[in-house]
Amino acid sequence: GRVLCINDSFDLSLNRFILFKPQKGQIYTIREVVETSNGVGVLLEEIVNKPIQFRDCIKEPCFSLTRFRLIDELGKKEDVIQSIEVLEEF
């Protein structure tokens, strides 16, 4: 599915681990949905980061699904543009 990024605020301490991050107002394609100890995460087609060491394994870091709004594939382009315009006001 396609998602619209609605939150691109990241803790600065993550910058050395996660090189590429989603940008607010941009549309992405979900590559994989991942169940984590912090909830549901997603990997994106357009963003690939190198795997990093977690507590129990080495894997690519995912992004919380709460950072995105799902876009209905049949939704109108105008609705997506309006959502982006509303986000830019904040």
Side-chain angles (χ1 to χ4, degrees):
R2 307 269 290 161
V3 291
L4 172 68
C5 179
I6 58 171
N7 176 0
D8 64 358
S9 297
F10 288 89
D11 188 313
L12 293 177
S13 66
L14 297 176
N15 284 348
R16 61 183 249 223
F17 300 109
I18 305 173
L19 203 55
F20 304 107
K21 300 174 203 66
Q23 301 291 310
K24 186 174 178 179
Q26 295 296 312
I27 296 172
Y28 298 95
T29 307
I30 294 176
R31 172 166 40 108
E32 186 178 340
V33 177
V34 182
E35 196 67 41
T36 75
S37 59
N38 296 325
V40 177
V42 292
L43 296 173
L44 306 168
E45 289 286 343
E46 297 82 359
I47 298 176
V48 178
N49 284 290
K50 68 178 186 174
I52 60 174
Q53 178 70 53
F54 285 88
R55 191 174 304 130
D56 55 351
C57 64
I58 297 174
K59 61 185 176 185
E60 181 182 353
C62 62
F63 303 103
S64 173
L65 188 56
T66 62
R67 293 183 175 278
F68 303 93
R69 175 177 293 146
L70 290 171
I71 296 175
D72 180 2
E73 293 293 344
L74 302 175
K76 296 179 184 166
K77 183 177 179 182
E78 294 79 22
D79 293 340
V80 174
I81 291 170
Q82 184 178 2
S83 293
I84 292 170
E85 289 171 351
V86 167
L87 285 172
E88 288 175 348
E89 291 174 7
F90 290 99

All heavy atoms of Ile6 vs all of Thr66, minimum pair found to be CD1-O, 4.0 Å

CZ of Arg2 to CD1 of Ile27, rounded to nearest 0.5 Å, is 6.0 Å

Phe68 with Ile30, same ILVMFWY side-chain cluster at under 4.5 Å:
yes

Rounded to the nearest 0.5 Å, the NZ atom of Lys21 sits from the CG atom of Asn15 at a distance of 4.0 Å

Under 3.5 Å, side chain of Arg31 to main-chain N/O of Val48, donor-acceptor pair present?
no

Is any side-chain heavy atom of Pro22 closer than 4.5 Å to one of Ile47? yes

Q) Is there a chain of hydrophobic side chains (I, L, V, M, F, W, Y, each step under 4.5 Å between heavy atoms) that links Val33 to Phe54? A) yes

Discussion item. Could you see if Phe10 belongs to whatever hydrophobic cluster contains Val34? Use Ile, Leu, Val, Met, Phe, Trp, Tyr and a side-chain cutoff under 4.5 Å.
Written reply: no

SG (Cys5) and CZ (Arg69) are apart, to the nearest 0.5 Å, by 11.0 Å

**Request:** Answer whether the closest heavy-atom distance between the side chains of Val42 and Cys62 falls below 4.5 Å.
**Result:** no

Practice task
State whether Tyr28 and Arg67 meet the cation-pi test: NZ (Lys) or CZ (Arg) under 6.0 Å from the six-membered ring centroid, and within 45° of the perpendicular axis.
Solution key: no

Between the CG atom in Leu14 and the CD1 atom in Ile52, the distance rounded to the nearest 0.5 Å is 8.0 Å

Answer whether the closest heavy-atom distance between the side chains of Val40 and Glu35 falls below 4.5 Å.
yes

Applied to residues 39-50, the side chain to side chain donor-acceptor pair (under 3.5 Å) test, sequence neighbours excluded, yields Thr29-Glu46

Scanning both residues in full, the closest heavy-atom pair of Phe63 with Leu44 reads CD1-CD1, 4.1 Å

To the nearest 0.5 Å, atom CG of Leu4 lies from atom CG of Leu70 at 10.0 Å

In terms of heavy-atom contacts, Leu43 and Pro61 come closest through CD2-O, 3.4 Å

query = Do Ser13 and Asp11 have side-chain N/O donor and acceptor atoms under 3.5 Å apart?
reply = yes

